[in-house]
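Written out below as structure tokens is the structure these notes cover.
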Amino acid sequence: MKPNFDIDLFCDVIDNYGDAGVAWRIAKALAFERQLKVRLFINKPQTLSAFVKQLNAEQLPQLIENKIQVRYWNDCLSEDVSPVVIETFGCRLPERFEEKLCSALPTPLWINIEYLSAESWVEGCHLLPSPHPKFGIPKYFFFPGFTDKTGGVIIEHDLLDRQKYYSRQRENFLSSFNCDPSKLLVLIFCYPTAPLGPLIEALEKSQKKIQLLLCPGEASEQIIELLGDKPHQNLSFVSIPMVDQEKFDNFLFFSDLLIVRGEDSFVRAQLAAKPFIWNIYPQKDDVHIKKLEAFLNRIAPFLGQKANTWVKANLDFNNNPSSLCESLPAMIQSLQKLTADMLSWRTQLLKNKSLIDNLCNFINYKLK
Ligand code: TRH
């Protein structure tokens with residue numbers, strides 16, 4: 001009997017939005033670029049509904065845009081297994097579903113899409129199988145990355161066309177959110193643990209007329225308090241609401257400097273080809289600093305000589321905030337050159353196949 005769906009995609013939201021954000025971009029690309037029937041099992045659908053406005057987290061199952069069925073995590077226990085099962089970020093499936101998967105015939109293709117890393121060890125692990133300890137069925141580890149020996153990053157086929165189309169609407173889009181396109185727009189989407197005080201002082205010191213576009217969250221609330229503490233001649237702000245991923249991508253593309261975080265907004269800033277500071281998700285024993293340095297070393301050869309201000313500002317933001325008041329203004333002085341650098345980095349990324357193309361090539365190869 002033909003299965004109702006092609007792919008079962010699993011997302012276990014730990015915290016923040018990125019687990020759901022990445023899973024949703026994967027689901028959309030598989031459904032709309034590849035015409036695959038995708039079923040997304042998620043433990044916290046309310047996180048997804050924050051930026052998938054048509055989703056009612058209280059009333060699942062729901063078919064979104066006639067292509068993606070969103071289910072509660074445990075619904076998988078009462079469903080047959082689709083021919084392809086994809087875990088995101090090593091989320092581990094319910095044991096009873098694993099048993100169904102391992103006993104299904106023909107054996108489904110089982111893939112785990114890992115967290116994105118620029119570290120070189122990723123290339124040696126990409127697409128390696130790991131046999132299930134009890135049933136022996138292989139689970140393939142798919143590693144996103146920044147080289148053609150990895151799974152790449154999610155780049156929609158129509159990315160550049162969409163940016164070109166929307167660029168004509170920049171003024172209207174920004175003013176509809178009370179943003180001032182005549183100012184230097186700095187979008188801020190970072191963690192509350194970020195060095196917000198040094199960030200505000202460094203932006204003020206840059207002597208540019210800046211408008212802060214504050215994405216929803218605790219960090220923005222703290223920034224508004226900091227701005228209220230004393231007058232800032234050069235800074236104004238506007239709070240922007242939680243919007244869908246397409247509008248979020250437009251905010252990134254229409255801003256001049258981006259403070260982004262986690263994994264997905266970090267990638268989307270690169271695809272917007274705008275200078276950015278990456279507030280990497282903090283981890284113990286400074287593991288996140290090693291990841292940051294790996295990325296900075298990866299991108300450096302593609303950037304011009306002014307990029308050292310950008311590298312320094314990224315390191316200071318995450319690891320040495322007292323120096324941010326020097327490095328960030330210096331970086332802002334070279335913003336135009338850095339924007340050209342980010343365009344050449346994006347050109348490099350576009351040379352690698354998109355994660356979805358690499359994923360589907362692997363699926364077709366294994367299922368042929
Ligand atoms: O929310 P994040 O901090 O998520 C992070 C990452 O997933 C990281 O890998 C994980 O380890 C950590 O959580 C626990 O940042 P990120 O990855 O940028 O995800 C945010 C998502 O929210 C992204 O898909 C963009 C989306 N978004 C919107 O669609 N609209 C919005 O208005 C905003 C602010 C975000």
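Not measured: the values here are computed from a predicted model. Each ligand, and each atom within it, is numbered from 1 in the order the structure gives. The chain is numbered in sequence order, starting from 1.
Ion pairing of Lys290 with Glu119 is absent here, as no side-chain N (NZ or NE/NH1/NH2) approaches a carboxylate O to less than 4.0 Å.
With Phe173 as the aromatic partner, Lys247 does not meet the cation-pi criteria of under 6.0 angstrom to the ring centre and within 45 degrees of the ring axis. Under a cutoff of 6.0 Å and an axis angle of 45°, Arg71 and Phe41 do not form a cation-pi pair.
A distance limit of 4.0 angstrom between heavy atoms and ligand 1 selects the residues Asp15, Asn16, Tyr17, Gly18, Asp19, Gly21, Phe51, Tyr115, Phe189, Tyr191, Pro241, Met242, Val243, Asp244, Gln245, Phe248, Arg261, Gly262, Glu263, Asp264, Ser265, Tyr281.
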- Task: Any chance you could lay out the ring pair (Phe, Tyr, Trp, His ring centres under 6.0 Å) test for Trp24 and Phe51, step after step, and finish with the verdict?
- Result: CA-CA 10 Å; Trp24 190 242; Phe51 51 84; 7.7 Å; no
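Checking each of Tyr140, Phe142, Phe143 against Phe362 for a ring pair (Phe, Tyr, Trp, His ring centres under 6.0 Å) leaves exactly one that passes, namely Tyr140.
Between Phe146 and Phe295, the angle of the ring planes lies from 30° to 60°, which puts this pair in the tilted group.
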